[in-house]
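This report concerns only the one structure given below.
Side chains included, hydrogens not; waters and symmetry mates left out as well; all remaining heavy atoms used. Positions are given from 1, in the same order as the sequence printed here.
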Amino acid sequence: MNKLVAPKRWLNASLFYLGCFGVVFQLTAQIYCWWVGLGLITEFWWTWPAPFICILWGILPSLQLQTERQAGKRHSTFEV
């Protein structure tokens, strides 16, 4: 059984951390809007799933743009 862990390849890790930052940013912005008294901004509804899609691209093996190395295998130091 594969565990969902933070990816190690640069592209997968970039997407994962970008998605995490996006989720935190959107939650912070929404809390600020509620604090100030603004309602939920629905003009840009398509921006809400974007961070979650980035996170899924980074951690789900079937969606990863770079294949992650399997744990326990020996690898060459020259592998990119």
Side-chain angles (χ1 to χ4, degrees):
M1 184 172 157
N2 292 336
K3 293 181 185 178
L4 295 178
V5 295
K8 300 204 181 343
R9 301 294 299 258
W10 71 272
L11 185 58
N12 297 335
S14 298
L15 287 169
F16 175 74
Y17 291 118
L18 183 67
C20 290
F21 174 76
V23 168
V24 170
F25 176 78
Q26 285 186 349
L27 290 176
T28 304
Q30 189 60 46
I31 290 170
Y32 175 75
C33 286
W34 284 333
W35 182 272
V36 173
L38 298 174
L40 177 65
I41 299 171
T42 57
E43 292 177 21
F44 301 110
W45 64 268
W46 44 267
T47 61
W48 284 93
F52 297 107
I53 292 171
C54 285
I55 291 171
L56 291 176
W57 267 343
I59 61 174
L60 290 179
S62 60
L63 296 177
Q64 287 177 339
L65 299 176
Q66 290 181 321
T67 57
E68 291 287 330
R69 297 180 181 136
Q70 298 296 323
K73 285 187 174 180
R74 291 187 65 183
H75 296 283
S76 168
T77 56
F78 299 105
E79 199 171 276
V80 178

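- Distance CG/Leu15 to SG/Cys20: 11.0 Å, rounded to 0.5 Å.
- Under a hydrophobic clustering in which Ile, Leu, Val, Met, Phe, Trp and Tyr are joined whenever their side-chain heavy atoms come within less than 4.5 Å, directly or via other members, Leu56 and Leu11 fall into the same cluster.
- Summarising the geometry of Cys54 relative to Gly19, their closest heavy-atom pair is CB-CA, 3.8 Å, with the distance given to 0.1 Å.
- A distance of 7.0 Å separates CD in Gln26 from CZ in Phe52, rounded to the nearest 0.5 Å.
- Under a hydrophobic-cluster definition in which Ile, Leu, Val, Met, Phe, Trp and Tyr are linked whenever side-chain heavy atoms come within less than 4.5 Å, directly or via other members, Ile59 and Val23 are assigned to the same cluster.
- Atoms CG and CZ, from Leu60 and Phe16 in turn, are 11.0 Å apart once rounded to the nearest 0.5 Å.
- In the hydrophobic cluster analysis, where Ile, Leu, Val, Met, Phe, Trp and Tyr join through side-chain heavy atoms closer than 4.5 angstrom, Ile55 is grouped together with Leu27.
- Between Gln64 and Pro7 the shortest heavy-atom distance is NE2-CB, 4.4 Å.
- Rounded to the nearest 0.5 angstrom, Leu63 CG and Asn12 CG are separated by 10.0 Å.
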